[in-house]
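Scroll down for the structure; my scribbles are underneath it.
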Amino acid sequence: MATFVSRAEWGARNPTSQSTNITPENGGVTVHYVDGVPVARDDHAECAGQVRGIQNHHMDGNGWADIAYTYLTCVHGYVFEGRGPGHRTAANGTTTGNQNWYAVCGLVGGAEGSYDPVTPELVDAFHWSIATLRSTGGAATGINRHMDHLSTSCPGQLSAYVLDGSLEPDGDEGPPPWPGVYFSYPPVFTHASVSTWQARMVALGYSLSVDGQYGPASQAVCEEFQADAGLTVDGIVGPDTWNAAFA
Ligand SMILES: [Zn+2]
Ligand SMILES: [Zn+2]
């Protein structure tokens, strides 16, 4: 099962701006790789620094608002939080691509004959990323490749894995991770992952509308759930409350 690494955990810079101008229900997930030279790290301890380097390149080199991708996955089975669900990406190369499709980048590179190997852990991290994006109501229509939007070698060796269906979630993904943000009220808190949590509460038998808005009704259900689960009752969905909900 993949392990989630929040932006705080990998030391992300804050975005200079964010756009929620997307219609992910009309698209899916576009798969990327890094570039034409091998980039996969032997030691996972180096992966967070690699992600920071990509963010610096995208923000300082390209002048973008943030790292371009929704998530990044490494060969050790970790999912690094990029822009996250609910936010427009800058990775897919076309207006329609960025409007409708999320972007997940595997931290592999190379060229024909020198490709970084695709590990089962990397494939699992893709499964997890795609299943999580679908759980937020996006990414419904499929999985494609950067080269399906425009002419590029991306996603390299991952292209074959898209085409043969290997990146399609297989049901072994485990629960969605705590999204790295605390849901609290007041004021009403809006985040793409709120609807994931609300839908889970409804599945567990609590009465709540799934509207993506963490307001007084969500807070009341949270407190009820926390009491039922023997957690500290504070009405805030943090990692303990999130994980208990999906346990
Ligand atoms: Zn790409
Ligand atoms: Zn790693």
Side-chain angles (χ1 to χ4, degrees), residues 1-3 5 10 27-64 66-83 89-134 139 141-170 172-173:
M1 190 179 104
T3 303
V5 184
W10 62 263
V29 172
T30 300
V31 173
H32 297 260
Y33 81 154
V34 179
D35 63 22
V37 296
V39 297
R41 301 298 201 264
D42 292 332
D43 183 354
H44 176 66
E46 297 180 6
C47 291
Q50 185 180 25
V51 174
R52 290 193 297 273
I54 293 169
Q55 185 187 34
N56 288 338
H57 177 66
H58 286 177
M59 294 180 75
D60 302 332
N62 298 353
W64 295 343
D66 193 1
I67 195 166
Y69 308 110
T70 311
Y71 291 127
L72 302 94
T73 55
C74 77
V75 295
H76 314 102
Y78 290 74
V79 177
F80 292 85
E81 180 183 25
R83 296 190 179 196
T89 83
N92 295 331
T94 67
T95 300
T96 306
N98 290 333
Q99 171 102 17
N100 295 343
W101 295 74
Y102 286 121
V104 181
C105 182
L107 294 170
V108 290
E112 198 70 47
S114 70
Y115 279 137
D116 286 316
V118 175
T119 62
E121 290 81 7
L122 180 72
V123 171
D124 189 53
F126 268 99
H127 289 168
W128 189 94
S129 299
I130 293 164
T132 298
L133 291 170
R134 287 180 181 166
T141 63
I143 302 166
N144 75 0
R145 306 166 298 169
H146 193 181
M147 62 173 61
D148 295 319
H149 293 290
L150 47 74
S151 178
T152 170
S153 65
C154 185
Q157 65 271 58
L158 295 173
S159 183
Y161 289 78
V162 174
L163 295 177
D164 73 8
S166 298
L167 300 186
E168 188 63 38
D170 56 9
D172 292 339
E173 292 75 44

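The figures here come from the full heavy-atom set of this structure, side chains too, leaving out hydrogens, waters and symmetry mates. Worth saying up front: this structure is predicted, and the values here are computed from it rather than measured.
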Mind listing the closest non-hydrogen atom pair of [X] and [Y] along with its distance?
X	Y	value
Asn92	Ala103	OD1-CB, 3.6 Å
Cys154	Val31	SG-O, 4.3 Å
Asn98	Ala91	OD1-N, 3.4 Å
His127	Pro169	O-CG, 3.6 Å
Asp124	Ala2	OD2-N, 3.0 Å
Tyr71	Glu81	CD2-CA, 4.0 Å

Any sub-3.5 Å donor-acceptor pair from [X]'s side-chain atoms to [Y]'s backbone N or O?
X	Y	answer
Ser114	Gly110	no
Thr119	Val75	yes
Asp164	Ser166	yes
His58	Ala68	yes
Arg83	Ile67	yes
Gln157	Gly109	yes
Asn62	Trp64	no
Thr132	Trp128	yes
Asp116	Pro38	no

Requested in this report: Might you work through the side-chain contact (heavy atoms from CB on, under 4.5 Å) test for Met147 and Ser153, ending with a clear yes or no?
Outcome: CA-CA 7 Å; Met147 62 173 61; Ser153 65; 5.5 Å; no
Heavy-atom distance under 4.5 Å between the side chains of [X] and [Y], does that happen here?
X	Y	result
Ile143	Ile130	yes
Leu107	Val34	yes
Thr73	Ser129	yes
Arg145	Thr152	no
Thr89	Thr30	no
Phe80	Cys47	yes

Can you tell me how far the [atom1] atom of [X] sits from the [atom2] atom of [Y], to the nearest 0.5 Å?
X	Y	atom1	atom2	value
His32	Tyr69	NE2	OH	6.0 Å
Thr94	Trp101	OG1	CH2	10.5 Å
His44	Cys74	NE2	SG	5.0 Å
Asp43	His76	CG	NE2	7.0 Å
Leu167	Phe126	CG	CZ	6.0 Å

**Report entry** Leu158/Leu122 under side-chain contact (heavy atoms from CB on, under 4.5 Å): CA gap, chis, key distance, verdict
**Finding:** CA-CA 10 Å; Leu158 295 173; Leu122 180 72; 4.0 Å; yes
Query - Under-4.0 Å salt bridge between Arg134 and Glu168 - result: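 Salt bridge flag = yes for Glu168 with Arg134.
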Report task. Determine, stepwise, if the pair Thr70 / Val29 fulfils side-chain contact (heavy atoms from CB on, under 4.5 Å). Result -> CA-CA 9 Å; Thr70 311; Val29 172; over 6 Å; no
Requested in this report: Give the C-alpha distance, both sets of side-chain angles, the deciding distance and a yes or no for side-chain contact (heavy atoms from CB on, under 4.5 Å) between Val108 and Tyr115.
Outcome: CA-CA 8 Å; Val108 290; Tyr115 279 137; over 6 Å; no
Report task. Determine whether the aromatic ring centres of Tyr33 and His146 lie less than 6.0 Å apart. Result ->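 No: the rings miss the under 6.0 Å criterion.
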